[in-house]
Amino acid sequence: MRPTAELGVLDITKFFGASTGGIRTYLMEKSRYVSARGKWRQTVIVPGVENRFEDHPGVRWYQLKGMPIPTQHPYRFLLARKTIGRIIAHESPDILEVGSPYALPWICRGIAQRLHIPMVLFYHTNFPRIISPRPSKDRWSRRKAGQLADAYVARLAGIFDGAVAASDVAVRELDRAGFRRIEKVPLGVDLARFHPGRRARAEETRARYRLPSGRLVMYVGRLAREKELDLVLDAWLQVEREAGASLVLVGDGPSRQYFQSRSRARQVYWLPYERDRERLADLIAAADAMIAPGPAETFGLAALEALASGLPVISSDQGAVRELVEASGAGAVNPEPRSDIMAQTILDLLRMDLAELGRRGRAYAEARHDWTTVFNLLFEAYGRFLRAPH
């Protein structure tokens, strides 16, 4: 085994594509961190529309052609077992980080055992809670499906050497499932890019995207049912009537048409996924608040980017974004998944001192979530996984 100072890590996940969010950002930022230091090496295996290979200082990217996953655009299957095995054997990493809980752990399990490589799960997706967000309140069928998903995560605990989780809620889920070793490492934010200084050109940014003046609340992320955007859309008639505020949704996903058909308010604006990170930073800074209603988030990177940009955040009553809001003191928590209560939560926030909340959010992001700080913690965690008995 190499010492931690020369550690090689291999990341593999299916949650990657041209229009995906948090996991893509995590892997890209991690590659920049490794490449800039020259003492570690990283290999990344992800699916794509074609086979591609990129070799950068300290970092190699393998994109393997995969078929689209039905109803899960833009995700693709990553099932090339033999090719994955050849890449892992060739790269000979010290640790294998799997970022998907579905087929990949079983594909990689035998390879990792044969090569004596510790295999850890980065718990990016809390899929049992996506299936059954509120087990005590969900209907029987969802509750039962969630229990089966919980049992599956418990099976994963038996094949991984450990796991990395970005929030307390994810740590608790993994601990309950029986994972032996769990390291909490939050995600980070580019503090130079997502900066309150961009708010000085908010008027110009709104004009570019044909957004109105006045109070503006933004959602950035995947348009999927588990995000519970229907609560926000149903609430917006009241918010629009009482505060004259506008809602902007930035992103794409399998439920876009469903959510658009659900919208009844006039001041709701739909923007496509923004690939340009500079333009995205401008967009976020042009809003007055961010909303992240999904109850099954394992972190909430868009919410952190909003805090770094000087925006308060409205979160669900459960999930990891609530942790960000409570730790920063820069936002509001919707206490119950009802549209009338959601409307009141939004209205109450819009009456607060948004500038002061924004300063709190920025201070919190600076203190805890710089990417360099985050990856220093992550590579220290890798060292502990390597020193632990397997």
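What you see below is based on every heavy atom in this structure, not just the backbone, and it leaves out hydrogens, waters and symmetry mates.
Ile45 places none of its side-chain heavy atoms less than 4.5 Å from the side chain of Thr83. In this structure, Pro337 and Met342 have side chains that are not in contact, with every pair of non-hydrogen atoms separated by 4.5 Å or more. Annotation: side chain of Glu29 is not in contact with side chain of Val374 (no heavy-atom distance under 4.5 Å). Between Ile107 and Pro105, every side-chain heavy-atom pair lies at or beyond the 4.5 Å cut-off. Between Asn51 and Leu64, the closest side-chain pair of non-hydrogen atoms falls below 4.5 Å. Side-chain contact between Asp288 and Arg199: present, with at least one pair of heavy atoms (C-beta onward) separated by less than 4.5 Å.
Taking every heavy atom of both residues into account, Ser339 and Asp234 meet most closely at CB-CB, 3.6 Å. Taking every heavy atom of both residues into account, Met290 and Ala302 meet most closely at CE-O, 4.0 Å. Residues Ser246 and Pro212 share a closest heavy-atom pair of OG-CG, 3.3 Å. Among all heavy-atom pairs drawn from Gln267 and Gly244, the shortest one is NE2-O, 3.0 Å. Of all non-hydrogen atoms in Ala303 and Leu324, the two that sit nearest each other are CB-CD1, 4.3 Å. The two atoms that bring Glu278 and Asp276 nearest to each other are N-OD1, 2.9 Å, heavy atoms only.
Taking CG of Leu304 as the start and OG of Ser309 as the end, the distance is 9.0 Å to the nearest 0.5 Å. Expressed to the nearest 0.5 Å, how far CG of Leu96 lies from CD1 of Ile12 amounts to 7.0 Å. Of the inter-residue distances, the one linking Leu247 atom CG with Trp270 atom CH2 reads 7.5 Å to the nearest 0.5 angstrom. Rounding to the nearest 0.5 Å places OG1 of Thr13 at 9.5 Å from CG of Leu121. Rounding to the nearest 0.5 Å gives a distance of 10.0 Å between OG1 of Thr25 and CG of Asp190. In this structure, the separation between CZ on Arg37 and CG on Asn376 is 6.5 Å, given to the nearest 0.5 Å.
Gln42 places no side-chain N or O within 3.5 Å of a backbone atom of Gly58 that could act as its donor or acceptor partner. Checking side-chain atoms of Arg322 against main-chain N and O of Ser316 turns up no donor-acceptor pair under 3.5 Å. Judged purely by atom type and a 3.5 angstrom limit, Arg362 uses its side chain to pair as donor or acceptor with the backbone of Leu191. Under the 3.5 Å distance criterion, the side-chain polar atoms of Arg41 are left unmatched by any main-chain donor or acceptor of Gly38. Trp61 contributes no side-chain N or O that, together with a main-chain N or O of Arg52, makes up a donor-acceptor pair within less than 3.5 Å. When atom types are taken as modelled, the side chain of Tyr152 and the backbone of Tyr102 share a donor-acceptor pair closer than 3.5 angstrom. Formation of a donor-acceptor pair under 3.5 Å by the Gln318 side chain with backbone atoms of Pro133 is found in this model. Looking at Glu228, its side chain never comes within 3.5 Å of a backbone N or O of Pro295 through a donor-acceptor pair. Between the Ser35 side chain and the Pro57 main chain, a donor and an acceptor come within less than 3.5 Å of each other. Looking only at distances, no side-chain donor or acceptor of Ser92 sits under 3.5 Å from a matching main-chain atom of Ala89.
Arg206 and Asp282 are not joined by a salt bridge, as no carboxylate oxygen comes within less than 4.0 angstrom of a charged side-chain nitrogen. The pair Glu204-Arg198 fails the salt-bridge criterion, with no side-chain N (NZ, NE, NH1 or NH2) lying under 4.0 Å from an Asp/Glu carboxylate O. The pair Lys184-Asp175 does not count as a salt bridge, with every side-chain nitrogen at least 4.0 angstrom from each carboxylate oxygen. Checked for salt-bridge contact, Glu305 and Arg277 meet the test: a charged N lies under 4.0 Å from a carboxylate O.
The ring of His369 has its center no closer than 6.0 angstrom to the ring center of Phe194.
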List the steps, then state whether ring pair (Phe, Tyr, Trp, His ring centres under 6.0 Å) holds for Phe122 with Tyr26. CA-CA 11 Å; Phe122 200 125; Tyr26 162 74; 5.0 Å; yes
Do Tyr123 and Val153 pass the side chain to side chain contact (heavy atoms under 4.5 Å, CB included) test, and can you show the C-alpha distance, the side-chain angles, and the key distance before you say yes or no? CA-CA 10 Å; Tyr123 199 53; Val153 177; 4.0 Å; yes
I'd like to know whether Arg262 forms a side chain to side chain contact (heavy atoms under 4.5 Å, CB included) with Leu229, so could you lay out the CA-CA distance, the side-chain angles of the two residues, the decisive distance to 0.1 Å, and finally the verdict. CA-CA 10 Å; Arg262 187 74 178 248; Leu229 288 168; over 6 Å; no
Side chain to side chain contact (heavy atoms under 4.5 Å, CB included) assessment of Ser31 paired with His56: CA-CA 9 Å; Ser31 293; His56 305 283; over 6 Å; no
Dump the intermediate steps for side chain to side chain contact (heavy atoms under 4.5 Å, CB included) on Asp161 and Phe385, then the final yes or no. CA-CA 8 Å; Asp161 294 289; Phe385 281 126; 5.7 Å; no
Let me see the working for Asp138 and Lys144 under salt bridge (charged side-chain N to carboxylate O under 4.0 Å, His left out), right down to the final yes or no. CA-CA 9 Å; Asp138 290 333; Lys144 187 63 176 178; over 6 Å; no
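Remark: Tyr33 pairs with Trp40, Phe375, Phe379 by the ring pair (Phe, Tyr, Trp, His ring centres under 6.0 Å) rule, at least two apart or across chains.
Evaluated for a side chain to side chain contact (heavy atoms under 4.5 Å, CB included) with Leu271, the options Val220, Val250, Leu249 yield exactly one hit, Val250.
In this structure, Glu242 places its CD atom where more than 12 heavy-atom neighbours from other residues, nucleotides or ligands lie under 6.0 Å away.
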Please list, one pair per line, the donor and acceptor atoms closer than 3.5 Å that link side chains of residues 343-353 to other protein atoms, with sequence neighbours excluded.
unit_1: Gln344; atom_1: NE2; unit_2: Asp348; atom_2: OD1; d: 2.9
unit_1: Thr345; atom_1: OG1; unit_2: Asn334; atom_2: OD1; d: 3.0
unit_1: Thr345; atom_1: OG1; unit_2: Ile341; atom_2: O; d: 3.0
unit_1: Asp348; atom_1: OD1; unit_2: Arg351; atom_2: NH1; d: 3.2
unit_1: Asp353; atom_1: OD1; unit_2: Ala355; atom_2: N; d: 3.3
unit_1: Asp353; atom_1: OD1; unit_2: Glu356; atom_2: N; d: 3.1

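Annotation: cation-pi geometry satisfied between Arg225 and Tyr258 (NZ/CZ under 6.0 angstrom from ring centroid, within 45° of ring axis).
For the ring-ring contact (aromatic ring centres under 6.0 Å, His included) condition, no pair includes a residue of residues 320-354, sequence neighbours left out.
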